[in-house]
Amino acid sequence: MPYPSDHERDRPWVMRTYAGHSSAAASNELYRRNLAKGQTGLSVAFDLPTQTGYDPDHQLSRGEVGKVGVPISHIGDMRRLFDGIPLAEANTSMTINAPAMWLLALYVSVAREQAEAEGRDVDEVLAKLTGTTQNDIIKEYLSRGTYIFPPGPSLRLITDMIAWTVHHVPKWNPINICSYHLQEAGATPTQEVAYALCTAIAVLDAVRDSGQVDQADMDKVVARISFFVNAGVRFVEEMSKMRAFTALWDEITRDRYGVTDPKARRLRYGVQVNSLGLTEAQPENNVQRIVLEMLAVSLSRGARARAIQLPAWNEALGLPRPWDQQWALRMQQVLAFETDLLEYEDIFDGSHVIQAKVDEIMAGAREEIARVQDVGGAVAAVESGYMKSQLVGSLAEYRRGMENGERVLVGVNKFATTEPSPLQAEGAKAIETIDPAVEKEAVAALEDWRGQRDGDSVERTLATLKETARTSANLFEATVDCARAGVTTGEWSGALREVFGEYRAPTGVSAAAAGGGDPGIERVRERVRATEAELGERLRILVGKPGLDGHSNGAEQVAVRARDVGFEVVYQGIRLTPEQITAAAVQEGVHVVGLSVLSGSHLEVVPHVVDGLRAAGAGDVPVIVGGIIPPDDAALLTERGIARVFTPKDYELTDIMDGIVSLIRERHGLS
């Protein structure tokens with residue numbers, strides 16, 4: 001988005017809504033409606049199988065297809081997703097990471113088809129494509145969990161994408177370095193800035209050292225690096241964070257990479273405000289939270305976001321409806337077009353208070369960047385578990401502040417008295433629900449696709465992809481050939497899995513600081529000791545993440561608190577099948593199984609664990625579950641044998657641990 005001269009009214013940022021679900025056809029209709037309402041950019045949400053490189057018929061995809069985004073299995077799906085939307089005129093953000101090269105190859109291939117159908121020059125159309133692929137794999141290892149390959153091959157895929165786009169799709173942002181999820185994983189403003197910039201350094205060093213881009217073109221590379229940040233409700237601190245972020249990026253790109261053009265050194269960033277900070281209790285309060293958080297990234301002109309997408313008020317309850325997304329879009333439009341915000345220079349220039357906060361964040365970020373570089377950079381800090389343990393520790397500290405009342409969350413730990421909400425009145429259907437038939441339809445459509453394509457072309461292009469992966473050559477053209485041949489998402493990822501292998505990132509739980517001095521923790525710890533004495537064995541809890549949901553923050557905090565009160569904790573990380581969780585529970589002889597599901601697949605995957613335990617003769621082991629679970633679904637889970645259901649309103653982890661001890665005692669006939 002071009003910046004105006006100093007005397008013009010600033011142009012509004014690109015306004016997006018993060019959207020997509022069920023199918024390519026349903027999502028296309030949603031995009032068309034959103035664009036008709038004045039949205040100026042698209043933000044594609046992909047479902048978890050697509051994000052993790054699986055087809056809808058894979059075992060791990062069970063219950064996940066079309067839930068948190070749109071399933072895209074092949075070029076036919078991509079054609080349908082953008083049917084009637086000219087890609088040369090669109091501004092598209094795609095939240096995709098490990099398979100980012102694959103999804104961009106599908107997008108580019110559809111753009112080529114559109115150009116050919118209209119008799120336009122293909123290169124001219126590709127040169128007009130604007131948008132971004134998130135493509136930040138470092139934060140996936142730290143927070144969001146949709147990684148596939150080890151860090152080295154992942155960085156190679158990013159490098160190849162950047163090099164290819166700089167030469168062929170010059171207006172596209174091939175990576176969106178994403179500190180957004182770092183904040184949700186517990187990062188302080190200092191950590192969020194530092195770890196995002198460490199990721200940028202790792203990426204830019206890899207591109208510079210790859211030999212695929214001339215040193216003279218590094219300014220083009222830097223100019224196409226974008227960021228995606230989080231904005232919490234402490235909006236003065238958040239705004240200061242963005243001013244610090246802007247200054248540090250300018251400094252690093254000038255001094256480390258020799259970029260002399262000030263325009264190329266600008267921090268180009270988009271934002272979504274803090275979704276995980278939204279509350280299930282009194283969710284109407286989320287409206288003012290969202291507006292205040294939007295101010296953090298719009299008030300300061302010199303550090304203003306150039307693209308904003310806002311969550312809906314009810315995202316802590318489930319999938320928002322189109323009307324809820326419209327409300328979030330209108331919030332942006334009122335700020336941009338009704339207020340005088342865009343008419344002034346930066347209103348914080350010269351503020352001693354703001355500058356002091358900016359200086360504090362910059363100094364802390366420089367120190368943390370230096371620590372990460374000392375351990376070998378961002379990749380080494382992921383592999384060693386350093387950054388992950390820092391985030392888990394920060395989030396544990398945040399939660400302790402919320403539980404002891406030092407950090408107020410209105411409607412949750414203070415001012416909890418409430419009137420009934422008309423937004424959630426009986427019959428209001430406050431969230432969007434996905435028809436279970438979506439998954440069956442996606443599997444059937446995939447079978448049809450496989451039956452219609454040229455099998456020889458598929459096999460040939462996949463073989464070439466694997467051969468290229470074993471060399472140091474750029475993988476993008478081989479990926480485009482796969483896309484055009486009709487290869488599926490799972491086949492592309494599977495071919496590279498054969499060459500690169502898969503990866504399980506450190507959880508950070510074992511290194512997180514213990515919570516001491518809390519009388520509540522000490523009380524539960526005494527109950528754990530007493531129960532162990534009566535049973536004659538250590539109390540063991542398995543914390544599991546079934547399915548493809550990689551948001552592990554909650555599970556990690558449960559594991560840390562369980563350890564703090566004296567449980568022996570079995571936590572094997574993310575992306576496990578119900579069968580794997582059941583086997584681990586039986587093998588470890590646990591007393592309780594705790595499952596965490598945020599993707600909406602709880603009705604499909606959780607009962608399978610209960611059934612598996614019964615089949616293995618361990619039906620007396622209680623299963624509890626936590627996640628974004630509507631009340632009707634919680635009732636269904638209880639009927640299926642789930643002992644307890646926890647949702648985001650249940651924030652007091654020590655009380656939850658106390659309840660788990662009571663549940664174990666009850667199951668073992670103890671008073």
Side-chain angles (χ1 to χ4, degrees), residues 392 396 399-400 403-404 507 509-546 554-573 576 578 580-596 606-627 634 637-647 650-671:
V392 173
R399 291 198 63 89
R400 280 193 283 270
E403 291 175 31
N404 63 29
T507 67
V509 169
S510 60
D518 184 333
I521 289 177
E522 292 297 330
R523 178 177 57 81
V524 178
R525 193 175 287 155
E526 284 300 319
R527 292 196 70 206
V528 169
R529 292 189 187 118
T531 303
E532 289 177 339
E534 292 177 70
L535 292 177
E537 59 182 337
R538 284 286 308 274
L539 288 191
R540 292 180 295 279
I541 180 174
L542 183 148
V543 179
K545 290 285 296 177
E556 289 156 1
Q557 292 306 310
V558 168
V560 169
R561 188 60 55 88
R563 183 200 63 191
D564 288 350
V565 300
F567 278 92
E568 181 180 326
V569 178
V570 179
Y571 177 57
Q572 299 172 326
L576 300 171
Q580 289 172 321
I581 290 172
T582 300
V586 173
Q587 181 178 347
E588 298 289 344
V590 301
H591 297 86
V592 63
V593 173
L595 305 178
S596 170
V606 172
H608 282 291
V609 175
V610 176
D611 295 342
L613 289 171
R614 288 172 178 164
D620 58 334
V621 176
V623 176
I624 61 178
V625 61
L637 289 172
T638 302
E639 291 175 7
R640 287 296 310 271
I642 306 303
R644 298 282 190 280
V645 177
F646 299 99
T647 62
D650 303 304
Y651 68 93
E652 294 183 341
L653 286 177
T654 303
D655 289 349
I656 290 174
M657 293 300 132
D658 195 34
I660 291 173
V661 176
S662 297
L663 179 61
I664 293 171
R665 294 183 64 84
E666 176 188 316
R667 289 294 175 97
H668 286 82
L670 304 178
S671 61

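Counting only heavy atoms from C-beta outward, the side chains of Glu588 and Leu542 never approach each other to under 4.5 Å. With contacts defined as side-chain heavy-atom distances shorter than 4.5 Å, the pair Asp611/Arg640 qualifies. Taking 4.5 Å as the limit, every side-chain heavy atom of Arg667 sits out of range of all side-chain heavy atoms of Val592. Taking 4.5 Å as the limit, every side-chain heavy atom of Pro546 sits out of range of all side-chain heavy atoms of Leu576. Proximity of Glu534 to Arg665: side-chain heavy atoms (C-beta onward) are separated by under 4.5 Å at one or more points. In this structure the side chain of Val661 reaches within 4.5 angstrom of the side chain of Val528, judged on heavy atoms. With a 4.5 Å cut-off on side-chain heavy atoms, Leu637 and Val625 count as touching.
Put simply, the side chain of Asp655 never gets that close to the backbone of Glu652: no donor and acceptor are under 3.5 Å apart. When atom types are taken as modelled, the side chain of Arg540 and the backbone of Arg538 share a donor-acceptor pair closer than 3.5 angstrom. Not a single donor-acceptor pair under 3.5 Å links the side chain of Arg614 to the backbone N or O of Asp620. Using modelled atom types, no side-chain atom of Arg525 and backbone atom of Phe567 make a donor-acceptor pair closer than 3.5 Å.
Under the side chain to side chain contact (heavy atoms under 4.5 Å, CB included) rule, Val623 has a single partner from Val610, Thr582, Ile581, which is Val610. Val590 pairs in a side chain to side chain contact (heavy atoms under 4.5 Å, CB included) with only one of the listed residues (Val570, Leu613, Ile541, Val569), which is Val570.
Note that CG of Leu535 is 5.0 Å distant from CG of Leu670, once rounded to the nearest 0.5 Å. Here the straight-line distance linking atom CG of Leu663 with atom CE of Met657 works out to 12.0 Å at 0.5 Å rounding. Note that OG1 of Thr654 is 10.0 Å distant from CG of Asn404, once rounded to the nearest 0.5 Å.
Side-chain polar atoms of Thr638 and Arg644 form no donor-acceptor pair below 3.5 angstrom. Judged by distance alone, the side chains of His591 and Glu537 do bring a donor and an acceptor atom under 3.5 Å apart.
For Arg529 and Glu532, the salt-bridge test fails: no basic side-chain N is under 4.0 Å from an acidic carboxylate O.
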After noting the C-alpha distance and the side-chain angles of Arg561 and Arg400, does the key distance pass the side-chain contact (heavy atoms from CB on, under 4.5 Å) rule?
CA-CA 10 Å; Arg561 188 60 55 88; Arg400 280 193 283 270; 3.8 Å; yes
Leu539 vs Glu568, test: side-chain contact (heavy atoms from CB on, under 4.5 Å). Steps then yes/no.
CA-CA 6 Å; Leu539 288 191; Glu568 181 180 326; over 6 Å; no
CA sep, side-chain torsions, deciding dist, call: Ile642, Val606, side-chain contact (heavy atoms from CB on, under 4.5 Å):
CA-CA 8 Å; Ile642 306 303; Val606 172; 3.2 Å; yes
Please walk me through it: do Arg527 and Ser662 pass side-chain hydrogen bond (donor to acceptor under 3.5 Å, both in side chains)?
CA-CA 9 Å; Arg527 292 196 70 206; Ser662 297; 3.0 Å; yes
Working for side-chain contact (heavy atoms from CB on, under 4.5 Å), residues Lys545 and Gln572:
CA-CA 8 Å; Lys545 290 285 296 177; Gln572 299 172 326; over 6 Å; no
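Ala616 and Val586 make their closest contact through CB-CG2, 3.8 Å (heavy atoms, listed as atom of the first residue, atom of the second, distance). When all heavy atoms of Glu556 and Val392 are compared, the pair lying nearest together is OE1-CG2, 3.8 Å.
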